[in-house]
Every structure is written in structure tokens, then in C-alpha cells.
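Values below: every heavy atom of this structure, side chains too, minus hydrogens, waters and symmetry copies. By convention in this document, chain letters (A, B, ...) are assigned in the order of the sequence lines, proteins followed by strands, and residues within each chain are numbered from 1.
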Amino acid sequence: MADQDTRMGGNRWAPGRTEWPTLPRPGLVRAEWVKMWSLRSSAWTLGATVAAAVGLALLLAASSRDHTSVDGRFDPLFYSFYGLTLAQLALVVFTIMVVAGEYSTGTIRPSLAALPRRGHFYAAKIAATVPILVATSLVAALGGFAAAQAALGSRGVSITTPGSGRAIVGATLYLVLISMFAFGVAMMLRSTVRALAILLPMLFLGSQGLGNMPGLRPVTQFLPDQAGLLIMHIVGSPDDPAFARAYGPWAGMAILTAWTCIAVVGGWLVLRRTDV
Amino acid sequence: MIEVRNLHKRYRATVAVDALTFDVHPGHVTGFLGPNGSGKSTTMRVALALSAPTRGEVLISGQAYRNLRHPLREVGALLDAGDAHPGRTARDHLRWLAATHGIPRRRVDELLESVGLAAAADRRIAGFSLGMRQRLGIAAALLGDPRTVLLDEPVNGLDPDGVRWVRMLMRGLAAEGRTVLVSSHLMTEMELTADRLIVIGRGRLITDTTLTELTAEHGSLEAAYVHMTAGMVDYQAGSGGFW
């Protein structure tokens, strides 16, 4: 079996060694890419993300052009990113379809038959998903900013105004991290329905609804979205009691990053050991 | 060559596969028979490293599946015709699989043509009949031109023409020196297709023999099968007077 030995090369797997995700071959990332773009739902959810971000920013800013807030301060950045609370739901749905859709449709079996080294599969999926999340989030954040500032007219700020750049970067980072949090959770739950049933209420009702109840604040402020959202709001109104937290905006981003890391590692641990 | 070595698979309280050992040789079509729940599909899933064995192993061309560098070039499998995203087109389903192994695009077109899906290639799988899904699953199994082929109930849902096509295909693959393992509940079809037979019941090996031997003893494969699996069928229609 000379030809087989050359084919195997020096890559014999050493028994007993844990096989961790490694940098995937380009072909594997391309395969994940083909999977994503061959589903209509991908274009729909990504499009909805940008549409919600830009549309809501435009609406809110246009209707608030002449308002002043109760305490007399006016935060022009607030309107830029308010739409992201809705836009994030579409992006999270996209991620859930990419990950949990594998299980709900049985595609996971041919996927893992083609890539029996599950670490390679996981790494390839992450490597294919993250650039799309970054690009979409950046477009949504920039679009929301541009739309809101244009609608605010003379009260609007430009991208060079101190704080603007940081808020745009923060908003982008927030969307990517919350989506990757959903990625890990979906991998752990292994079902589109379960992932949607847990993540959407958490992001839409749970965290924001409960987050507005003063008694629960000490706990809910540490939920992933509540921690991460801070970076978009506090700019321009650092003392606003409505956004009071026990930590600052970058610490909030760090808390969200920690949630995301835990979810992604958890997803890997589940994938590594489950029968499909 | 497939080597199943002392394979055990337990799911919580149930034993799906129990000390199973057999070889599947190249150059033959080997039928894999047994009642529902006897462990055929579990054995195939363990062979493809989709499930982890409780004990024992399955080797393909002398290697554990997860150590194969290019598994689709070594092994092609059809486990369940439903294992494809309904929102994707047949062509896209094969395209992503091909991309994992650097298989050229013309191979995808070639296979769509040869399984009879060329006209439906750009339609979404959601609208496919079971027979069309089986054809797509067979195309996916053959994509890497593998030397070992595992097919779980490939003729389910196929029309008589399709059944005949799968039979000729499997015989052709075996004649080329490939290893072909196929499970089926259709005994008359197996009698026309398989040269060798492995029969299991309740996760254990009942017999590993040739078709000639079995039919010589019992007259037909069906008679042999019913005789061997008597008392092992977990889900059986009543034999009393309902009809």
C-alpha cells in the first residue's frame, strides 16, 4: 500500500493526544463559505441587520432633531446606535442558522464525515463566520452613524468628533462579540429552535426588560448584552444615571468578551464529544 | 477493506452494538442485514467517526476514520438521504462537499449527470422526492471516487428504474475492486445484488457468509433471513387474525 503511505505522509495522529482546533486549510473555509452563501436566509438576515441599524437610526434621529433630554443634555451618538438593539437580533439569527442549522438539517453528518477532525471543522466555521460578522457589523455601525448624523442636521457630529470613532469601533465590536456568543451557545444547544428560544428572549426581552427593573440591576448589568451595550451609550453622557453600571465602557466590553470566550469554548467542548 | 473489531456501543441503558467483529472485503458487494434496531446504522456511524465506540474500533484501509487525511477520497457514505439542508440546491450541496477536499467543479457536474439530477441540479432540495434525495446522497458518496462505499438503505424511495440503477452501480463499483457495504431490508433486492452477507441481530453477529451458501441451505435469502432473525425482531406485526 505504497500510495496510501505517501498519502498519509507524516501526519499520523498520535493516539491519546487531545486534538485542538488549528488553523484551517483554505479549502475548509471555502466550503463553509459556500454553505453560507448558498442559503437565501444568509442574505436576508445580513441585509436585515444593516437595514434595521440604518433605518432606526434615521427614524429616531429625524424625530428627535428638536428635542432636548430631560436633564438638558443632548447625546448625538445615542441615536446612531439605538437601532443596533434590533439589528443585533437579525445578526444573531444569521449566526444561529450557520451553526445550529447544521444540526437541525442533518448537514452536520456529511460535514463531520468530510472533516472527521472536529477541531478543523470548528476552526473553519469560525474562520468563515467572523469576517462576515465584522464586515456586516462595520457597515451597520457606520451606516447607523451616518444616517443619524445626517438626520440630526446641524446638531449632528462628524466622524472626526472626539468619541465618534471610539463609539463606531465599539458598536462594531459589540455586534461581532454578541454574535459569536450566540455562535458558541448555538453549538452547545445543537438545535435552531432551542438556540432561538433562548437567545432571542434573552437579547430582546430578558436582558433589556429585566435590565430596566431597578431591583435586578446589580445582576442583570453583567449579562452579555447589557455589559457590551455600554460602550455606545456612555459616550457623551458619562454621568447619565439611566446607564449607570458598576464598571466603565471598556470593562463592559471585557465582560462581554469573557462571555463570548466561554460560549465558544463551551461549543467546542460539546462538539468534541457528542455523537451526531 | 473494512475491519470491525470487537465493537461495542452503548447508549445509556441500551446496548446498540455488542462485541461485533467482521471484515468487509474489496471486490464484492456485501449486504448488511438485520432487523430494525439491530445496530447496522450505529455500526456505520461509528465507522465514520460520527459516533464514538464504547469499546473496540472500526478500521478502513487499515486506518481509523478520523486519521484519514482525505476521508472522502477513501470512503463514500450515504447514511440518510435527509442529511442535507433543504434550502440549498443539489449543486451547492455537492459544491461545499467538494470544496473540503479540493475536488474540481467538473466532478460535481459529472456526478449530477450520472445520478440523473442534471436537470434538477439548481433546484432546492426542499422540493425533492425521497428518490431524488437518495440520488443526491449517492452522488455525495461517490464525489471523492472512494475505494470504500457505505450505503444505508440506498434504494428506499427509488422507482424500479432507480432500484435497478443502484444495483448495477454497486456491482460495477465492486467489479472495479472497491469495497461495498450496503444495508437493506429488501431481501429479494439483496439477493440480486450482494455476493456476501453479514447478518446481525440485537447488536451481535449472526452470520458472515456468502449468498450461495445461504440460499443453498434455505432456498431463498428471505427464508434464511427470517429463520436466522426469528425471536430477534423487536417490532413485529402480530401473527394472529387481524387480517
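If you take OG on Ser111(A) and NE2 on His85(B), they are separated by 11.0 Å, rounding to the nearest 0.5 Å. For the atom pair NE2 (His93(B)) and OG (Ser38(A)), the distance works out to 10.0 Å, reported to the nearest 0.5 Å.
Of all residues spanning residues 94-110 of chain B, those with a heavy atom less than 4.5 Å away from chain A's heavy atoms are Arg95(B), Trp96(B), Leu97(B), Ala99(B), Thr100(B), His101(B), arranged by number. Of all residues in residues 124-143 of chain B, those placing a non-hydrogen atom less than 4.5 angstrom from a non-hydrogen atom of chain A are Arg124(B).
Heavy-atom distances place both the backbone and the side chain of Ala52(B) under 4.5 Å from chain A. With a 4.5 angstrom heavy-atom cutoff, Arg45(B) touches chain A only via side-chain atoms.
Annotation for Pro71(B) and Ala114(A): closest pair CG-O, 3.4 Å, computed over non-hydrogen atoms.
Under the side-chain contact (heavy atoms from CB on, under 4.5 Å) test applied with Pro110(A), the options Leu50(B), Asp83(B), Leu79(B), Asp80(B) reduce to a single match, Asp83(B).
Heavy atoms of other residues, nucleotides or ligands lying less than 6.0 angstrom from CE of Met1(B) number more than 12.
Per-residue counts of heavy-atom pairs under 4.5 Å with chain B were compared for Thr105(A), Val34(A), Leu112(A); the largest is that of Thr105(A). Across Arg273(A), Glu32(A), Arg109(A), Arg30(A), the residue that shares the most heavy-atom pairs under 4.5 angstrom with chain B is Arg109(A).
Ionic pairing of Asp92(B) and Lys35(A) is not present here: no N-O contact between side-chain nitrogen and carboxylate oxygen is shorter than 4.0 angstrom.
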